[in-house]
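The figures here come from the full heavy-atom set of this structure, side chains too, leaving out hydrogens, waters and symmetry mates. In what follows, chains are A, B, ... by sequence order, proteins preceding strands, each numbered from 1.
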Amino acid sequence: MAQQLDYQTLQQIFSRFQALEPEPVGELFHTNAYTLLVAVVLSAQATDVGVNKATRPLFATVDTPQAMLALGLDGLTEAIKTIGLYRQKAQNVMRLSQILVDDYGGQVPSSRAALQSLPGVGRKTANVVLNIWWHIPAQAVDTHIFRLGNRTGICPGRDVAAVERAIEDHLPAEFQQHAHHWLILHGRYICTARNPRCGICPIRDLCPFEDKTI
DNA sequence: ATCCCGAGGG
DNA sequence: CCCTCTGGAT
């Protein structure tokens, strides 16, 4: 049985990551709640780097749902054409922006139900907004955290909901906001899907998976 | 279970 | 070439 997820483990992950990359990387670029929501919607099955490349120039002028509606579907589609699944994402963002203007006064809602009712927003995206923006404890289990949790055994689960519970059960509420980002960074840059960098992994001694020869 | 779908890495 | 990327809707 593998080690339980705890704050010390997360600290080890984070401190090791900082040692590798002094400058903050691996974060989805955003300037407010709306651009965060859009960035997360665009990040589905796409890399953080790829999303930021398109959103940085876009959000410089378009950072409200009203401005997005003014840009229009064709304009947005062109702006995010370098991101995978761009046609569906562009339509979702346009419809979502219209709903925010019509039903929420142009603001991003702070309830899970309201967020998940928006097109293109599922449980994972809602959890990111709740956690990062509204500071409401919620664990967004993405491809990185799901893989890492099961491979290392620190937060295992057959499905996303089970991994979510595994994290929440083992972690004090005050650490859950940091935990989300730290786990993402570890999965993105160290515990990668192919050729995990076990040789520089800070929780090497806690992991049953690791190839000890690396 | 399948589709969406370009960019980057190995 | 093949695999993966901070998923969601059908």
Need one value for A/Ile80: base, sugar-phosphate or nothing, where a base atom within 4.0 Å counts as base even if backbone is also close, heavy atoms only. nothing

Sticking with atom P, work out how far C/dT10 lies from B/dC5, rounded to a whole angstrom. 15 Å

Residue whose closest nucleotide on DNA chain C lies nearer the 5' end, A/Asn92 versus A/Gly187: A/Gly187

Walking along DNA chain C from 5' to 3', note the first and the last nucleotide with an atom under 4.0 Å from a heavy atom of chain A, and give both. C/dC3 to C/dA9

Considering every strand and a 4.0 Å limit on heavy-atom distances, what is the contact class for A/Thr192: base, sugar-phosphate, or nothing? nothing

Distance check, C1' atoms only: B/dC4 and C/dC5, in whole angstrom units. 14 Å

Roughly how many Å apart are B/dT2 and C/dT6, using the P atom of each and rounding to a whole number? 24 Å

Tell me which of A/Gln116 and A/Arg188 sits closer to the 5' end of DNA chain C, going by the nucleotide each one is nearest to. A/Arg188

My understanding is that only one of A/Gln107, A/Met68, A/Gln66 makes a side chain to side chain contact (heavy atoms under 4.5 Å, CB included) with A/Tyr34; could you say which? A/Met68

Need one value for A/Gly50: base, sugar-phosphate or nothing, where a base atom within 4.0 Å counts as base even if backbone is also close, heavy atoms only. nothing

Using atom CG of A/Leu42 as one end and atom C1' of B/dC4 as the other, report the distance to the nearest whole Å. 14 Å

Considering every strand and a 4.0 Å limit on heavy-atom distances, what is the contact class for A/Ala46: base, sugar-phosphate, or nothing? base

Tell me whether the side-chain N/O atoms of A/Lys89 come closer than 4.0 Å to OP1 or OP2 in B/dC5. no

